[in-house]
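Reviewing the structure listed below.
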Protein chains: 2
Amino acid sequence: MTNATSFIERLEGAGLRVTDQRRAVAALIAGHPGHFTEAELEREVQRSGSRIGRATLFRALELFAQLGVVERLDLPSGEHAYVRCEPSHHHHVICLRCGRTVEVEGCGMPELIREVAARTGFQVERHRLELYGICPTCREEIA
Amino acid sequence: MTNATSFIERLEGAGLRVTDQRRAVAALIAGHPGHFTEAELEREVQRSGSRIGRATLFRALELFAQLGVVERLDLPSGEHAYVRCEPSHHHHVICLRCGRTVEVEGCGMPELIREVAARTGFQVERHRLELYGICPTCREEIA
DNA sequence: GGGCTTGCTGAGACTGAGTATCATCATCGC
DNA sequence: GCGATGATGATACTCAGTCTCAGCAAGCCC
């Protein structure tokens with residue numbers, strides 16, 4: 001489980017400073033079950049009583065993204081969002097109804113990439129795969 | 001091959017008006033080998049001597065995207081771009097060096113989606129897959 | 001061809017995400 | 001505790017994308 005402490009450890013491991021602001025952002029992200037936008041995070045920061053500048057929030061998100069503990073998503077609406085995640089290769093399945101996000105590892109992409117490479121002559125270096133659907137909880141609620 | 005004429009046919013088929021502006025945008029898109037941003041298209045419109053408002057350009061892109069002859073991409077940089085494409089299900093392989101875009105059909109995703117659904121309990125409704133790499137031409141140039 | 005309806009256009013104001021700047025502050029190694 | 005330097009935040013700014021609304025023109029009907 002990714003928690004605020006592991007965020008801090010990552011900061012220390014990279015030789016970066018551990019500030020109150022980063023601690024607060026880490027705690028908020030760690031407490032988030034699904035994805036969130038920068039605007040949402042900003043509101044939560046205010047609600048929690050912390051006083052963190054917008055620029056700092058953006059910087060913290062970018063930083064955590066570089067450290068691999070947070071990933072940036074592009075929602076179908078075109079909005080940018082973030083999810084906390086394990087720093088290993090994986091993909092996200094995002095619930096279109098409640099926004100809950102689940103990580104899927106071992107995605108079976110390597111064969112697909114080999115096939116695409118063979119067919120197009122491209123040397124495929126990276127890919128982005130996002131799956132959207134309805135989570136089990138929401139499916140029950142709808143039914 | 002997708003050309004400007006097929007864009008127009010799609011408009012007519014959908015009962016939409018065929019205007020000079022839409023014709024001009026269709027011609028520019030049809031002449032584009034790779035992806036392009038709205039800003040790039042805007043510059044080309046000006047260079048070609050047409051006089052099309054920005055709002056109209058956005059509307060035309062959105063329209064063609066709805067008609068399935070253009071697709072919206074999210075580049076790794078976070079920028080939004082568009083590519084012209086066939087209106088069937090497929091994915092794009094994008095060259096990180098020259099921007100050329102190639103469509104890949106029959107992507108082998110169904111099995112992957114079934115597996116993810118089985119593992120997470122999600123009912124997967126749609127997905128977004130984009131592959132980034134180096135195209136054959138660029139590979140030769142680098143070598 | 002002429003008139004009419006209605007969808008389309010464009011200028012410009014607006015919004016909101018994200019960035020740049022820079023003086024001030026706080027962390028952390030010594 | 002001290003100092004170097006990385007981090008912060010207020011503010012101004014840029015730029016993509018949207019909204020509005022008066023005027024225009026495509027295409028239908030006669």
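Every value quoted in this text rests on a predicted model; they were computed, and no experiment measured them.
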Point to revise | Earlier contact from the 5' end, DNA chain D, for B:Arg23 and B:Tyr82 | key: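 In this pair, the answer is B:Tyr82.
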
Point to revise | Pairwise 5' ranking along DNA chain D for B:Glu42 and B:Leu16, keeping only the more 5' one | key: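 The answer here is B:Glu42.
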
Side-chain N or O of [X] closer than 4.0 Å to phosphate OP1/OP2 of [N]:
X	N	answer
B:Thr56	C:dG10	yes
B:His80	D:dG17	yes
B:Arg22	C:dT9	yes
A:Gln21	D:dA7	no

Exercise for review: Counting heavy atoms from C-beta on, name the nucleotide in C:dT27, D:dG9, C:dC8 closest to the side chain of B:Thr19.
Suggested key: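 Of the options given, the side chain of B:Thr19 lies nearest C:dC8.
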
Rounded to whole Å, please give me the gap between [atom1] in [X] and [atom2] in [N].
X	N	atom1	atom2	result
B:Asp74	C:dA17	CG	C1'	15 Å
B:Leu63	D:dT18	CG	P	14 Å
B:Glu40	D:dA16	CD	C1'	14 Å
B:Phe64	C:dC8	CZ	C1'	13 Å
B:Leu57	D:dC15	CG	P	17 Å
A:Arg51	C:dC25	CZ	P	16 Å
A:Glu62	C:dA17	CD	P	17 Å
A:Asp20	C:dC28	CG	P	10 Å

Check your understanding: Do B:Arg54 and C:dG10 have a side chain to base donor-acceptor pair shorter than 3.5 Å?
Key ->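 Checked by distance alone, the answer is no.
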
Practice item. Spell out yes or no: do the side chain of B:Arg17 and the base of C:dG7 have one donor N/O and one acceptor N/O closer than 3.5 Å? Key: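 It does, because a donor-acceptor pair links the side chain of B:Arg17 to the base of C:dG7 below 3.5 Å.
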
Point to revise | Parallel, tilted or perpendicular: ring planes of B:His80 versus A:His80, cut at 30 and 60 degrees | key: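 Tilted, since the angle between the ring planes falls between 30° and 60°.
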
Review point. Is B:Val18 reachable from B:Ile29 through a run of I, L, V, M, F, W or Y residues, each pair having side-chain heavy atoms under 4.5 Å apart?
Key: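 Yes; tracing contacts between hydrophobic side chains, which count when under 4.5 Å, links both residues.
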
Check your understanding: Taking NZ, NE, NH1 and NH2 as the nitrogens, is one of them in A:Arg128 or A:Glu130 under 4.0 Å from a carboxylate oxygen of the other?
Key ->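 Looking at A:Arg128 and A:Glu130, the cut-off is met.
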
**Study point:** ring pair (Phe, Tyr, Trp, His ring centres under 6.0 Å) between A:His127 and B:His91, intermediate numbers included
**Key:** CA-CA 11 Å; A:His127 62 275; B:His91 299 289; over 10 Å; no

Review point. When we call it a touch if two heavy atoms are under 4.0 Å apart, what does A:Arg59 touch: a base, just sugar-phosphate, or nothing?
Key: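 Base, at least one base heavy atom under 4.0 Å.
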
Practice item. Could you pull out the closest heavy-atom pair between A:Ala14 and A:Leu67, with the gap in Å? Key: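 Shortest heavy-atom contact: CB-CD2, 3.9 Å.
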
